[in-house]
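Notes follow once the structure below has been shown.
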Amino acid sequence: MTARIIDGTLLSKRLRSDKVAQRAAALTERGYPPRLAVILVGNNAASQIYVRNKIKACEANGLHAVCDYYPAELIEANLLVRIDQLNRDPRIHGILVQLPLPPHIDAYKVIAAIAPEKDVDGLHVVNMGALMAGKPLFRPCTPYGVMKIFELENIPLTGANAVVIGRSNIVGKPMAMLLVEAGATVTICSSKTRDLAVHTRSAEIVVAATGTWNLVTADMVKPGATVIDVGINRDDKGQLCGDVDFAGVHKVAGHITPVPGGVGPMTITMLLVNTIAAAEYAAG
Ligand code: NAD
């Protein structure tokens, strides 16, 4: 068996024209041009690329993006002042603080300062709590993108055994919660898990979000399973790759996402979707 390769770029293109560009144009016509504020602190090379791609995606789909670039030495209190200004600015509908922040800045405190109705990354404790309660306002963009993949690829989740590898607040935990909401039986694994393969081998759905190159190999995957690779790593040749041994797992799985071109574009698309939703909410 060889897996069907899920083309996240193609799915994104469809979603952006159906669910983003048209709604952005309608909002603009009504006098509410959707606008995202992005804050980048420091000069982390990967973060700079992510921010550039997010801004480009906004501009290509009729959303406005403004970006504040701050040096790594930025004082936390000044960042909080800026977030307060953006919270009060009615022209801004979404606020995204690119993570990670430099170690002297408390990311939890910074995210908690964003008005929940502008927290389009879905990471504010209120939005996390709402997700837990089954009433999410904004779903965190990466797990939301993965759920869209399941929906658009008609991958059944009800009753499925799902393993999420990784337990971060950004990906692993909300991913697990969304799968639970969809009726899957979910196991969350982490670096502390004693025998990862025991769990993955009985799963119809595997979502890997660890940042560990070649963590998931073919012998760990149940034939026909759907394997979603969230990881973004560099291999020993410096090439972009995920957490999954794509060549090996492709021969066993039923569906697989590539890196690049899988979850990455879907994450950005869901950021656009959340920003449009925030703008529609603000516009009444
Ligand atoms: P993180 O470092 O916050 O969390 C990593 C998690 O993986 C931890 O819970 C850790 O316990 C677990 N882990 C690490 N090594 C493991 C191992 N050997 N076995 C089992 N579990 C292990 O990272 P994160 O922010 O959740 O991101 C994870 C990966 O996803 C990174 O590569 C990141 O770049 C990528 N990412 C991609 C997107 C995207 O849009 N494609 C978005 C966010 C993050």
Side-chain angles (χ1 to χ4, degrees), residues 6-9 11-12 15-16 38 40 44-57 96-101 103 107-108 111 120-123 128 138-150 162-179 186-201 203 206-217 219-221 227-235 238-246 249 256-274:
I6 297 171
D7 186 341
T9 307
L11 295 181
S12 277
L15 280 172
R16 288 179 196 190
V38 181
L40 176 61
N44 179 309
S47 292
Q48 285 173 343
I49 295 172
Y50 298 150
V51 164
R52 203 181 314 139
N53 288 340
K54 287 169 187 175
I55 291 172
K56 249 172 54 186
L96 180 150
V97 177
Q98 184 66 42
L99 300 175
L101 288 167
Y108 181 85
I111 301 298
V120 287
D121 239 356
L123 300 178
M128 290 286 222
F138 300 114
R139 297 160 181 86
C141 301
T142 300
Y144 192 11
V146 174
M147 293 305 285
K148 269 286 162 203
I149 287 177
F150 293 137
V163 167
V164 177
I165 317 174
R167 55 168 175 168
S168 69
N169 288 338
I170 296 176
V171 189
K173 284 187 213 162
M175 184 75 252
M177 204 44 63
L178 288 169
L179 284 164
V186 183
T187 304
I188 306 174
C189 296
S190 73
S191 55
K192 305 282 188 285
T193 299
R194 276 201 295 272
D195 188 347
L196 187 58
V198 164
H199 300 283
T200 56
R201 274 191 207 119
V206 176
V207 181
T210 73
T212 311
W213 172 42
N214 266 351
L215 178 68
V216 179
T217 48
D219 57 309
M220 296 167 70
V221 172
V227 179
I228 304 289
D229 195 350
V230 177
I232 302 176
N233 311 299
R234 296 262 169 204
D235 66 16
Q239 298 291 316
L240 218 52
C241 65
D243 294 350
V244 175
D245 167 26
F246 185 87
V249 173
I256 189 168
T257 59
V259 178
V263 174
M266 293 298 283
T267 296
I268 297 185
T269 299
M270 301 332 282
L271 171 67
L272 302 181
V273 169
N274 279 347

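Both counts, for ligands and for their atoms, begin at 1 and track the order of listing.
For atom 42 (C) of ligand 1, the closest heavy atom belonging to the protein is T142 OG1, 3.2 Å. What sits closest to atom 44 (C) of ligand 1 on the protein, heavy atoms only, is V171 CG2, 3.9 Å. Protein heavy atom closest to atom 18 (N) of ligand 1, with residue, atom name and distance, is L215 CD1, 3.5 Å. Among protein heavy atoms, the minimum distance from atom 9 (O) of ligand 1 is reached at R167 N, 2.9 Å. Atom 29 (C) of ligand 1 has as its closest protein heavy atom G211 N, 3.6 Å. Of the protein's heavy atoms, T210 CA, 3.3 Å lies nearest to atom 7 (O) of ligand 1. The nearest heavy-atom contact from the protein to atom 22 (C) of ligand 1 is S191 N, 3.4 Å. In terms of protein heavy atoms, atom 26 (O) of ligand 1 is closest to S168 OG, 2.5 Å.
At a threshold of 4.5 Å between non-hydrogen side-chain atoms, the residues F150 and L179 count as touching. At a threshold of 4.5 Å between non-hydrogen side-chain atoms, the residues V227 and M220 do not count as touching. For the pair M266 and V146, the minimum side-chain heavy-atom distance is 4.5 Å or more. The side-chain heavy atoms of R201 and D219, taken from C-beta on, include a pair separated by under 4.5 Å. Annotation: side chain of T267 is not in contact with side chain of Y50 (no heavy-atom distance under 4.5 Å). In this structure, I165 and L215 have side chains that are in contact, with non-hydrogen atoms separated by less than 4.5 Å. Looking at heavy atoms from C-beta onward, L15 lies out of side-chain contact with V273 at the 4.5 angstrom threshold.
Near T267, the atoms of ligand 1 lying under 4.0 angstrom from a non-hydrogen atom of the residue are 39 (C), 40 (O). Which parts of ligand 1 touch G264 is read off a 4.0 Å heavy-atom cut-off, strictly below it: atoms 40 (O), 41 (N). Within the listing of ligand 1, atoms 6 (C), 7 (O), 9 (O), 12 (C) sit less than 4.0 angstrom from a heavy atom of G166.
Ligand 1 has no atom lying under 4.0 Å from any heavy atom of C189. For G172, the closest heavy-atom approach to ligand 1 does not fall below 4.0 Å. The shell of residues lying under 4.0 angstrom from ligand 1, judged by heavy atoms, includes I165.
A donor-acceptor pair is defined here as one N or O able to donate and one able to accept, closer than 3.5 Å; such a pair exists between the side chain of S168 and the backbone of V171. Checking side-chain atoms of D245 against main-chain N and O of V216 turns up no donor-acceptor pair under 3.5 Å. D243 contributes a side-chain N or O that, together with a main-chain N or O of G211, makes up a donor-acceptor pair within less than 3.5 Å. At distances below 3.5 Å, not a single donor-acceptor pair connects side-chain atoms of D229 with backbone N or O atoms of P258. The main-chain N or O of P265 is found under 3.5 Å from a side-chain atom of S12 such that the two form a donor-acceptor pair.
Atom 2 (O) of ligand 1 is not flagged as protein-proximal [any protein heavy atom, distance under 4.0 Å].
At a heavy-atom cutoff of 4.0 Å, ligand 1 is contacted by no atom of I268, backbone or side chain. Heavy atoms of V259 found under 4.0 angstrom from ligand 1: none, in either backbone or side chain.
Summarising the contacts of atom 32 (O) of ligand 1 with T212, V230, I232, the nearest heavy atom is found in I232.
Among the atoms of Y50, none of the N or O lies under 3.5 angstrom from an N or O of ligand 1.
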